[in-house]
Each structure stands twice: as C-alpha cells, then as structure tokens.
*Asks:* 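Dumping the structure here so I can ask a few things about it.
A, B, ... follow the sequence lines: proteins, then strands. Residue 1 opens every chain.
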2 protein chains.
Amino acid sequence: MTLDAVAREAGVSLATASRALNGTTRVRDDLRGRVRAAADLLGYIPNAHAQALASAEGNRTVGLICHDVGDPYFAGIASGVMRAAAEQDLLVMLASTFREPAREIAYVSMLRAQRARAILLIGSGFQDRAWERAMDAELEPYVRAGGRVAVVSRHRSMRVDTVQPENRAGAAALAASLVALGHRDFAVLSGPPELTTVADRLTGFREGLAAAGITLRRVVRGAFTREGGHAAARQLLAAGDARPTCVFAVTDVMAVGALAALREAGVRVPEDMSLAGFDDIPVVREVSPPLTTVALPLTEMGEQVIALALRTPSRAGRSRVLRIEGNVVLRGSTGAPPRS
Amino acid sequence: MTLDAVAREAGVSLATASRALNGTTRVRDDLRGRVRAAADLLGYIPNAHAQALASAEGNRTVGLICHDVGDPYFAGIASGVMRAAAEQDLLVMLASTFREPAREIAYVSMLRAQRARAILLIGSGFQDRAWERAMDAELEPYVRAGGRVAVVSRHRSMRVDTVQPENRAGAAALAASLVALGHRDFAVLSGPPELTTVADRLTGFREGLAAAGITLRRVVRGAFTREGGHAAARQLLAAGDARPTCVFAVTDVMAVGALAALREAGVRVPEDMSLAGFDDIPVVREVSPPLTTVALPLTEMGEQVIALALRTPSRAGRSRVLRIEGNVVLRGSTGAPPRS
DNA sequence: CTGAAAGCGCTTACAG
DNA sequence: CTGAAAGCGCTTACAG
C-alpha cells in the first residue's frame, strides 16, 4: 500500500493525499475525508523511510546506548527514557554494548546511518585516549549535521548535554556518614578502573575519609557485576590481614554480590562488618539487611537525558550539565563497628 | 556526505561506488580501494533510509515490544534479544507498552511504518476479543508483506512463531512439590485476570492441587508489580479467616513484594508460612529467604524468540511453537507447614 | 486550496 | 567489470 494507491482511491493527487494525511497544509474538508477513508480502507501505513528521506524533519527515532539493559541500573534509566519517548511518539533504538568500547562506537555509527534524531549515551565512558578520539570523531559530524547527543555519567570534552550524577560528592558524603557511625577501617570493592564512574566514586570516598583523617586501607578490584562483587568480597575475606569494619562497593550490583559472599562466609552484616553500595537500584531494599547506599533517581535521570537531547538548543549552542545529587540512605546493612 | 560525493572523490560512477562499498558485485580492486579511501576520507555514512527504500533487502532493524523494560522479567528477555541482535548486526527498536493494550497496537503500527524486519511481542497477551481482532488486523498484512512475527508467552490464533513457557504445567508441578512438603491449605496472589499468563498459572496450580485432592482456598488479586504483590499479601493477612500455610504468587516480582509484606507483618517465612513465585528473576536468590520458584531461562528465551523470527520460514509456512519447560526450584522460602 | 514535478540518497536491472 | 538511468515512496517548493 503506497500513498499513490490511496490518492487514486480517493481520486486526488499524490500531493493532496500527503497533505490530507499529515495535516500540514489546509486541505478542503471533503477531500481530506475521502483521503482518510481511502487510507483506512486500504490499511495504508506510511513508509517511514520514504518520509525520512523526503522530509526535512527527519525521523521520529532516538538511539539509546547502554552497557546492558539486563542490569537494573540501566534498566531503570532506560525505563525512564521509554516513558518520555512514548509521550512524544518517539521510537527508541536500543543498543547494549556489553561493555565493549568498540561496540559502542559501532552503534553510534549505526544510529547515524539511521539518522536518529538524538543519540543517548548511558553509563560511564572509558578513560582511553584512542577511544575518546574515535568516539569524538563519530559524534562531531553527527552533531554538526544537526544530530543531538546527550549523555548520562560521562565526562565529555565535546559539547554535549549531560546528566551528571555527583559520584564524587555522593561517595564523599557516604564516607562521612560511615565515619559518623564509628568506622575507621575501610575497604572498597571497586570496578574496572578505566570507567570514569569508578574513578570518581573511589576518589570521592577517599576524600570523604581524608576529611576525617582516615586513609583507605584496601581496594579490591572486581568486575562491574553481581559476580564481580561476590568475587571481590571473597578475595577481601581471604586476605590474611585484619578485616575492615566497613566495606563500600562502588555499585549496588556489586554490593548485592558482596552481601551474598559475606553471608556465605558467615560474616554477619552489619554486626561483624558494615556494607554499603551506590545507585539505589530496587533490589537493595529487598535483601536482608537492606543496603545502605547513595540513591540516584534512575527513572528521572532517563527522562531528563532525553529531555535534554530533545530540547531546542540554546542560541549559544552551549551544552548543559544537569547535576544529580546522590542522597545517602542509611539502611540496615550499616551499623556501628564491632567492639574489638 | 552522500555516496555521490564519495563517487566523485574516487572518480568513479555512483553505481560503482555503491558496489564497491557493499561488496555485492565484483569490482576491480584498484577502484574498490579508491572508493574505500574516499569514503574514509569524507567520513561517509550511508543513509539507512535510502538503502531501505532502494533495496529489496529491507532494513536491519527488529522491533521488540514488551510491557516494561524496567521489570526484571522483561529486562532478562530483552537482554537475550539484544545479545543475539548484536551478533547479527541488527538494531533493536524497543517499545514499552506499560501494559496498555492500545499502546501495543500503536507500536506495531509504528514498527510496520519503520519496515522492521521482524516484530517480537514479549509477554502475556490480553484476553479481549476486540483487542485480539485489532491486533490481528495489524499483524496480518505485515506478515503477508513478508514481515516476521514471533512472540513469547502468547496464545495466538494467528500463525506466528511462539516461545511458550509451560505456565500451566510449571504451576502444576510447583503445586505438587508444595503438597509434597506437607501443605494442604493454599492461597494464590494473582495478577490481572485478563492476562493469559495469569490464567494459565492459576489453572495449572489448581490442577496440581486437585491431583492431590486439594481445593484452592483463596485467590487474592493484585497488580502485576512488586507493590501489587505487597498489597495482595496484606489483604490476605488482613482477612479474618485462618491463614493458609502456603502462598503462591503468580510472578516473582509479586512474590518479592509479598515477602516484604509478610516480614513487615511479623509472619516468618517459611516457619509460619511458605511462599513461592514463578519466573526465577535474579532478585529471588538475593532475598532472605531465597524464593522457591518455577525457573524460566529468560535470556535464552530472548535469544530463541529472535532466532525464531529470523529463521527462514518453513516451506509450508507453518508456525513453530517452542515449549519452554519451567523447573521447580525449591529454596528457603518454602518448608513444612507449621504444626497446628 | 490543488496538482505536476523535482528531489531526498540509495540499489540494481539493463546495456555495454 | 562499469556506467547511465530508472525507481523505491514520500514531501514540498512552485505554479496555478
């Protein structure tokens, strides 16, 4: 079914049929009626590709690139993006990179080919000069051609709009709260150091401790997953030296894994050891004890990043940074340190 | 940057440039080299819309419609779809209906306009004649025009490929296992009855009980969410009559909410009451006690549904149904009934 | 308000 | 193997 067939059925020209259906220009009521009826009758569905090609408007799709929709952190943000997109009749093209930097760049390229109206990059970038250059080379022509880019949790040299959780400040505030509980001896379960989010949270936590004159004793590195947190916690416990009284996992996903590892090792939380995470993904309220964390409004962040991308660019073309404060939420997984 | 510019830069015709880049036809090596160099130099990115319009192949996108990516059940399946799509260089257009039947049909229409190669419908359909008719009217012309449709958890009159979890058999097996633990007095926390999945699980559970000569005493209906499970459990406890010894929530998401409600009410699980769910979403292993459930291989199901959609249709054009067995996994949330 | 026509950026028979 | 040209299905100045 093409528009041409609809026009013929309605006895009008192609141009009139197009205008009647899109409502851009005035069309005589009876003609519009005939066209609509013909379209209904034939079950006409416009070809979005032809529309995108012919019109200046471009198409109604946005691209969303994240590390993994299966991860509750990204699922939360994606959910917010979906909600906002639905309200604006936008279709979302979703890409999961599974944390492969090269794949992320390839997806941007595919999204450019699709002439996506906007590209949303969700989740920490990689601290890697070559990768950054390649990414910029991909993004710059896209933006120059009118494409919109907005990111979550990413430091950009480029002028793109950003939703930036205050990772550093949040981690520092968490450290302060933990110190206030009486802890002096900390370990961090950390993720891949090339992720900027990891670096920021680690730095912030260190700063928070330093403000109280405390030095972070130990950092164990793990994968950015539940299993990574589990393994890191086991490694921490296996080490011969005295155990810290409090452990900070840089993401809730890791913290959940760590909690399981502690339980398996017979370490009571928080009696023997306190545990905290970051993000406030839904699951942390369901575990026992519920996890102390730094809460980020994930769904909202998703809504905000797409709003940022779609807003009419400021005359100056300056990029905007929306800072998202992280709120420390003390729950059952943290308490006073055990008396030694 | 258009192909035309690339051709000019390389000093060849448009046709040759196209062929050199797509590798469909033989092109003299030196020419191919020049075209590639020119494309690189100019940062050429093909226009997918023009390609889709001009070629018979159609575009490399598939549509994925689910109720909500924010829900771990759908996130799990979506994750599997994404993985498989990535391997085949396919882009996924994601749609969340937030359980509005009308929105689902609207999305199918949008996906048709995008000329998606395949449309994947994930999650229970609605038992509603008018809706089914409208959906079929949308899908039928799409399939006739060569579109591929595959669904998860959906009864179809239409001939579409289906990944079908054995909801009924799984629930029946669960009931048998629970009876084997000694329970005789059951309640079910159920979801919206118009969802076929709910109906199937409820029926199966009843059948499983019936096989042991037991009648289901109580069904409490709730929303298909964590909060719905929480509310339903509260309602169950609030009822004056004697409490059942074992509760089955038709989805894990609801079961997690119910577990929280029981805890809040001081009901010990499983000492005072056993609790089971269905799906085996990741979170159920993290809660305390971990939930007994009927396990479904979510990621795999995602991979299978897209594989089904993309496979070359059988000569007979018959639809295929892939039955997925649910495995009862007994965990800490179920035990012997309390002695009365 | 309406229509004939050009053009969006490609692919692909069809000749050479 | 290569090129000129038609055509994919629309939108939108440009005349009327």
Side-chain angles (χ1 to χ4, degrees), chain A residues 1-36 38-39 42-61 109-110 112-117 141-142 145-147, chain B residues 1-36 38-39 42-61 110 112-117 141 145-147:
Chain A
M1 275 313 90
T2 66
L3 224 207
D4 194 62
V6 174
R8 223 159 18 216
E9 172 76 26
V12 300
S13 74
L14 220 204
T16 298
S18 171
R19 291 192 274 248
L21 258 22
N22 297 321
T24 44
T25 323
R26 286 249 62 80
V27 173
R28 231 168 58 209
D29 282 358
D30 59 323
L31 291 193
R32 180 200 314 287
R34 264 157 54 194
V35 172
R36 291 220 173 125
L42 300 177
Y44 171 69
I45 296 225
N47 183 320
H49 298 301
Q51 289 188 144
L53 201 54
S55 82
E57 294 273 290
N59 63 147
R60 303 199 62 78
T61 65
S109 185
M110 289 179 78
R112 285 179 64 193
Q114 298 289 338
R115 300 301 186 262
R117 178 173 297 213
Y142 174 70
Chain B
M1 275 314 89
T2 65
L3 224 207
D4 194 62
V6 173
R8 223 157 19 215
E9 172 75 25
V12 301
S13 74
L14 219 203
T16 299
S18 172
R19 291 193 274 247
L21 259 23
N22 297 322
T24 45
T25 323
R26 287 249 60 80
V27 173
R28 229 168 59 210
D29 283 357
D30 58 324
L31 291 192
R32 180 201 314 287
R34 264 155 56 194
V35 172
R36 291 220 173 123
L42 300 177
Y44 170 69
I45 297 225
N47 183 320
H49 298 302
Q51 288 187 143
L53 201 54
S55 83
E57 294 273 291
N59 63 147
R60 303 198 62 77
T61 64
M110 288 179 78
R112 286 179 63 193
Q114 298 290 338
R115 300 301 187 263
R117 178 174 296 214

*Asks:* Just compare C:dT12, D:dT11, C:dG9 and give me whichever is closest to any side-chain atom of B:S18.
*Replies:* C:dT12
*Asks:* Take atom CZ of A:R8 and atom P of D:dG9, then tell me their distance rounded to the nearest Å.
*Replies:* 12 Å
*Asks:* With both distances under 3.5 Å as the test, what is the Watson-Crick or G-U wobble partner of D:dA13?
*Replies:* none
*Asks:* Please name the nucleotide paired to D:dA4 by Watson-Crick or G-U wobble geometry with both distances under 3.5 Å, or report none.
*Replies:* none
*Asks:* What is the separation between atom CZ on B:R115 and atom C1' on D:dG9, rounded to the nearest whole Å?
*Replies:* 9 Å
*Asks:* Between A:D30 (CG) and C:dT2 (C1'), how many Å, whole number?
*Replies:* 12 Å
*Asks:* Nearest to the side chain of A:Q51, heavy atoms from C-beta on, is which of C:dC10, D:dC10, C:dT2?
*Replies:* D:dC10
*Asks:* Between A:N59 (CG) and D:dC10 (C1'), how many Å, whole number?
*Replies:* 14 Å
*Asks:* With nearest nucleotides of DNA chain D determined for B:G11 and B:A50 from heavy-atom distances, which residue corresponds to the more 5′ nucleotide?
*Replies:* B:G11
*Asks:* Taking the C1' atom of each, how far is D:dG16 from D:dT12, in whole Å?
*Replies:* 16 Å
*Asks:* With the side chain counted from C-beta on, respond yes when B:S18 and B:L3 share a heavy-atom pair under 4.5 Å apart, and no when they do not.
*Replies:* yes
*Asks:* Counting heavy atoms from C-beta on, name the nucleotide in C:dG3, C:dT2, C:dC10 closest to the side chain of A:L31.
*Replies:* C:dT2
*Asks:* C:dC10, C:dT2, D:dA4: which one has an atom nearest the side-chain heavy atoms of B:A15?
*Replies:* D:dA4
*Asks:* Expressed in whole Å, how much space separates the P atoms belonging to D:dA5 and D:dC1?
*Replies:* 23 Å
*Asks:* What is the distance, to the nearest angstrom, from the CE atom on B:M1 to the P atom on C:dC8?
*Replies:* 14 Å
*Asks:* Donor-acceptor pair, A:Y142 side chain versus A:A116 backbone, under 3.5 Å?
*Replies:* yes
*Asks:* Which of the following nucleotides, D:dT12, D:dC10, D:dG3, is nearest to the side chain of B:R19?
*Replies:* D:dG3
*Asks:* How long is the straight-line distance from CZ of A:R60 back to CE of B:M110, given to the nearest 0.5 Å?
*Replies:* 7.5 Å
*Asks:* Rounding to an integer number of Å, can you tell me how far A:N22 CG sits from D:dC10 P?
*Replies:* 10 Å
*Asks:* What do the steps show when you test A:D4 against A:T2 for side chain to side chain donor-acceptor pair (under 3.5 Å), and what is the final call?
*Replies:* CA-CA 5 Å; A:D4 194 62; A:T2 66; 4.9 Å; no
*Asks:* Is any side-chain heavy atom of B:R112 less than 4.5 Å from a side-chain heavy atom of B:P141?
*Replies:* yes
*Asks:* Round to the nearest Å and state the distance from A:R112 atom CZ to C:dC10 atom P.
*Replies:* 12 Å
*Asks:* Could you work out which one of C:dG9, D:dC10, D:dT2 sits closest to the side chain of B:L53?
*Replies:* C:dG9
*Asks:* Mapping B:S55 and A:R28 to their closest nucleotides on DNA chain C, which lands nearer the 5' end?
*Replies:* A:R28
*Asks:* Counting just side-chain N and O atoms, does A:T16 come under 4.0 Å of either OP1 or OP2 of C:dT2?
*Replies:* no
*Asks:* Within this structure, what is the CD-to-C1' distance between A:Q114 and C:dC10, rounded to whole angstrom?
*Replies:* 14 Å
*Asks:* Within this structure, what is the CZ-CD1 distance for the pair B:R115 and A:I45, rounded to the nearest 0.5 Å?
*Replies:* 7.5 Å
